[in-house]
Amino acid sequence: MNFTFSDTIAGRVTAYDPQARTATVATADGREFPVSMDGDPSAELLRNLGEPYTDASGQLDDMLVPGRFLFAYGIFYPHGDTQIFDAKRVIFLGRRPGEFRFEEPNWWVRQLQQIAAFYRKAQFGDGPADFAEYRTMIRLGGEKTGSHVQETDTISRLVYGMASAYMLTGDDSYLEVAERGTEYLRANLRFVDADEDIVYWYHGLRIDGDIQRKLFTSEFSDDYDAIPMYEQIYALAGPVQTYRITGDPRIKSDADATLRLFDRFFLDRESGGYFSHIDPILLSPDHESLGENRARKNWNSVGDHAPAYLINLYLATGDPRYAKFLEYTFDTIVEHFPDDKNSPFVQERFHRDWSHDTTHGWQRNRAVVGHNLKIAWNLMRMNALKPKAEYSELATHIGDIMPPIGGDRQRGGWYDVVERLRREGEDRFRFVWHDRKAWWQQEQAVLAYLILFGITRQDRFKDEARGAESFYNAFFLDHDEGAVYFNVLANGLPYLLGTERLKGSHSMSMYHSSELCFLAAVYNNLLINGKSMDLHFKPDPDGFADRILRVAPDLLPAGSVRIGAVEIDGEPYGDYDAGALTVRLPEAAGRVKVKVRVEATR
């Protein structure tokens, strides 16, 4: 190449020549790059949301020691048959070699506090959480747009984030948003069909002055004029996370009625799995009005139950019915999604008989990188509840094959959508539209590799987890406006065009960023680093059966965590089962505040 271009190199320092001011940096795939520091690059220490910039330029030479992980952004200059890489910005992940700041016990808690504060202020200002003012579309800095369609799923995702923020911090202002949002969903966007004994959820609410119009069918282009399963699934995400805190029996009743909707109208009783769409009149997956969505199944309709609400519903109740549903979900994934004879990527779309749908819409025969990682992450969670060799084997298989085909081995981070098949004579899977990296797919990588390492203790998974956490925290945190970016370029610079400029949209509303913070805190502290953490609840003691509050933070291996201490309304409390992770709540006339210290046992 005989032209200059800017790019990023991520890797570990293997050598540094202070006279030549050149560091040798080895990337994840073992290549070594000479990185010139002779152009006086700026250097900084990784910082969390809400923290000030920490300049390390004056310590650059002292910090370039073997073993240190860094990001170097700079310019490639042609130089004969090679190139010279001149660094312009360097990011260090910690003050010392081998130190990664995101492994600090409260890193992810503080990050979630900042994200929750951003969305609370963006949606409601400094006043109470009035969801009549909620907007789906939120600009980069938190400003609202003129569009006033309130989508059910984005409200639910905000509720999930606020409930998660309360569980990690005990800040009542976040629980207020979660509970008010849940009430708003129930009052305005829930339909109770008494004849069928089911609940389903409207797509959204269009508000024009004093006129409100409920939108029964989806207005999203992929699902237009149909009822997609994933919208019903994500309508439960926020309320169920709130239920874990409050024990409000109305939420559980809604969830059970929605599950009856799934089993009555989406379930394929002949071939198994769940259809992705039903028509709005006959509630049939077979109606011709569904077009290309007729009699189809996909990852969202089969697998998204688990992370969106079902694992949390089981954690809150211990109900074996939900465990059975989870097992059915993952057995179906293991049976139908792997496609190793054709592609290392899983198959994501199917016809009724599970034959592969390779012509559907934009997806065709393409892979969403994050869905592969999401499967690995959730298989490991399910394996903790019901160990099966096929669960752990598929999860570790995906964890092993994905880095070179879905990850960026030079710059760090994970790609978006790629072709499932390589072109003849090529050794890379081509990008479908671009090589940008989305925030939610980084989340799947972080959580997949954290839980894989936390359970298997294989160092290769630790390296992948740290690499994914490093890229996300270095480039996705918006230190100027708050919260996180939707997309960055391959080199880590923010991509701020179109809907990808927004902090709130049909696709983004605090859910993935808060889920990442919550579970990265759980996995880093409890599974990996042996640290304790506090969880907060505020139940009505009579809301849970037998007044039993279940406080397991996630599906973790049996015996890996225990309760260390409990406080109720600020006072020490002793009626709990440490190993079972349950607290027997006292008889009380109203709600109580419960603080539980959860400890690692290894």
Apply salt bridge (Lys or Arg N to Asp or Glu O under 4.0 Å) to residues Glu103 and Arg466 and explain how you reach the verdict. CA-CA 9 Å; Glu103 293 177 353; Arg466 281 177 164 174; 2.8 Å; yes

Are Arg120 and Phe118 in a cation-pi contact, defined as NZ or CZ under 6.0 Å from the six-membered ring centre and within 45° of the axis? no

Measure the OG-CG distance between Ser392 and Leu379 for me, rounded to the nearest 0.5 Å. 9.0 Å

Do Tyr511 and Tyr234 have ring centres separated by under 6.0 Å? yes

Quick one: do Arg381 and Asp554 make a salt bridge, cutoff under 4.0 Å? yes

Residues Ser173 and Tyr166: side-chain donor-acceptor under 3.5 angstrom: no

Glu133 side chain to Gln123 side chain, donor-acceptor N/O pair below 3.5 angstrom: no

Pair Arg436, Asp416 - check salt bridge (Lys or Arg N to Asp or Glu O under 4.0 Å), show working. CA-CA 7 Å; Arg436 300 196 290 276; Asp416 184 7; over 6 Å; no

State whether Glu104 and Arg110 are salt-bridged, where the test is any N-O pair (Lys NZ or Arg NE/NH1/NH2 against Asp/Glu carboxylate O) under 4.0 Å. yes

For Ser57 and Asp55, test the side chains for any donor-to-acceptor distance below 3.5 angstrom and give the result as yes or no. yes

Working to the nearest 0.5 Å, report the span between CZ of Arg101 and CG of Leu46. 6.5 Å

Is there side-chain contact between Arg460 and Asp400, with at least one heavy-atom pair below 4.5 Å? yes

What class does the angle between the rings of Phe475 and Phe71 fall in, given that below 30° is parallel, 30 to 60° is tilted and above 60° is perpendicular? perpendicular

Compute both the distance and the angle, then confirm whether Lys437 meets the cation-pi test with Tyr415: under 6.0 Å from the six-membered ring centre, within 45 degrees of the axis. yes

In sequence, state the C-alpha distance, the side-chain angles, and the governing distance for Thr22 and Asp38, and then conclude on side chain to side chain contact (heavy atoms under 4.5 Å, CB included). CA-CA 7 Å; Thr22 299; Asp38 201 35; over 6 Å; no

Any side-chain heavy atom of Val598 within less than 4.5 Å of one from Leu526? yes

More than 12 heavy atoms of other residues, nucleotides or ligands under 6.0 Å from CZ of Arg428: yes or no? no

Do we see a donor-acceptor contact under 3.5 Å between the side chains of Asn524 and Glu469? yes

Quick check: closest heavy atoms across Leu93 and Leu70, and the distance to 0.1 Å? CD2-CA, 4.1 Å

From Asn491 atom CG to Thr8 atom OG1, the distance as rounded to the nearest 0.5 Å: 4.5 Å

Can you say whether the rings of Phe429 and Phe345 are parallel (under 30°), tilted (30 to 60°) or perpendicular (over 60°)? perpendicular

With rounding to the nearest 0.5 angstrom, report the CG to CG distance, Asn378 to Asn383. 12.0 Å

Salt bridge check, Glu44 against Arg89: does any charged N sit closer than 4.0 Å to a carboxylate O? yes

If you take all heavy atoms of Ala165 and Ala116, which pair is closest and at what distance? CB-CB, 3.9 Å

Tyr230 and Asp153: side-chain donor and acceptor closer than 3.5 Å? no

Note, Val418 side chain near Val369 side chain (heavy atom, < 4.5 Å): yes

Just to verify, which of Trp439, Tyr495, Trp440 counts as forming a ring-ring contact (aromatic ring centres under 6.0 Å, His included) with Phe486? Trp439

So do Ile398 and Ile375 actually touch side chain to side chain, heavy atoms under 4.5 Å? yes

Looking at Leu477 and Tyr485, what are the two nearest heavy atoms and their distance? O-CE1, 3.9 Å

Could you check whether the rings of Phe85 and Phe76 sit parallel, tilted or perpendicular, using 30° and 60° as the cut-offs? tilted

Determine whether Phe337 and Leu394 make a side-chain contact, defined as any pair of heavy atoms from C-beta on separated by less than 4.5 Å. no

With salt bridge (Lys or Arg N to Asp or Glu O under 4.0 Å) as the criterion, how do Arg430 and Glu419 come out once you've worked through the C-alpha distance, each side chain's angles and the decisive distance to 0.1 Å? CA-CA 6 Å; Arg430 288 203 172 196; Glu419 299 291 347; over 6 Å; no

Would you say Ser164 and Gln241 are linked by a side-chain donor-acceptor pair, where the criterion is simply a distance under 3.5 Å? yes

Test Lys88 against Asp40 for salt bridge (Lys or Arg N to Asp or Glu O under 4.0 Å), laying out the working first. CA-CA 7 Å; Lys88 296 301 181 185; Asp40 294 323; over 6 Å; no

Is a side-chain donor-acceptor pair under 3.5 Å present for Asn312 with Tyr160? no

Using only heavy-atom distances, determine whether the side chains of Asn529 and Asn525 contain a donor-acceptor pair under 3.5 Å. no

Does Arg12 reach the side chain of Arg68, with side-chain heavy atoms less than 4.5 Å apart? no

Starting from the C-alpha separation in whole Å, work towards a yes-or-no answer on side chain to side chain donor-acceptor pair (under 3.5 Å) for Asp463 and Tyr449. CA-CA 9 Å; Asp463 291 341; Tyr449 287 106; over 6 Å; no

Name the residue from Leu112, Val177, Thr242 that meets the side-chain contact (heavy atoms from CB on, under 4.5 Å) definition with Met162. Val177

Just how far is it from atom CZ of Arg157 to atom OG1 of Thr136, taken to the nearest 0.5 Å? 10.5 Å

Determine the minimum heavy-atom distance between Asn342 and Leu421, stating which atoms define it. O-CD2, 3.1 Å

What are the two closest heavy atoms between Gly530 and Ala600, and how far apart are they? CA-CB, 3.8 Å

Run the salt-bridge test on Glu143 and Arg135 with the 4.0 Å N-O cut-off and return the result as yes or no. no

Just jot down the side-chain hydrogen bond (donor to acceptor under 3.5 Å, both in side chains) partners of Gln83, sequence neighbours excluded, or say none. none

What distance do Leu555 atom CG and Met382 atom CE have between them, rounded to the nearest 0.5 Å? 7.5 Å

What pair of heavy atoms forms the shortest contact from Ala438 to Asn487, and how long is it? CA-OD1, 2.7 Å

Less than 4.5 Å apart, any side-chain heavy atom of Leu516 and any of Tyr472? yes

Evaluate the criterion side chain to side chain contact (heavy atoms under 4.5 Å, CB included) for residue pair Leu502 and Met137; output intermediate values, then yes/no. CA-CA 7 Å; Leu502 303 176; Met137 309 292 281; 3.3 Å; yes

Please report the C-alpha distance between Tyr73 and Ser6 in whole Å, then the side-chain angles of each, then the deciding distance to 0.1 Å, and finally whether the side chain to side chain donor-acceptor pair (under 3.5 Å) criterion is met. CA-CA 7 Å; Tyr73 175 79; Ser6 58; 3.2 Å; yes

Answer yes when Asp427 and Arg422 have at least one side-chain N-carboxylate O distance shorter than 4.0 Å, and no when they do not. no

Counting heavy atoms not belonging to Arg95, are there more than 12 under 6.0 Å from its CZ? no

Determine whether the side chains of Asn365 and Arg420 contain a donor N or O and an acceptor N or O closer than 3.5 Å. yes

Taking the side chain as everything from C-beta on, heavy atoms only, tell me whether Asn473 gets closer than 4.5 Å to Gln111. yes

What I want to check is whether the side chains of Trp377 and Tyr523 have a donor and an acceptor closer together than 3.5 Å. yes

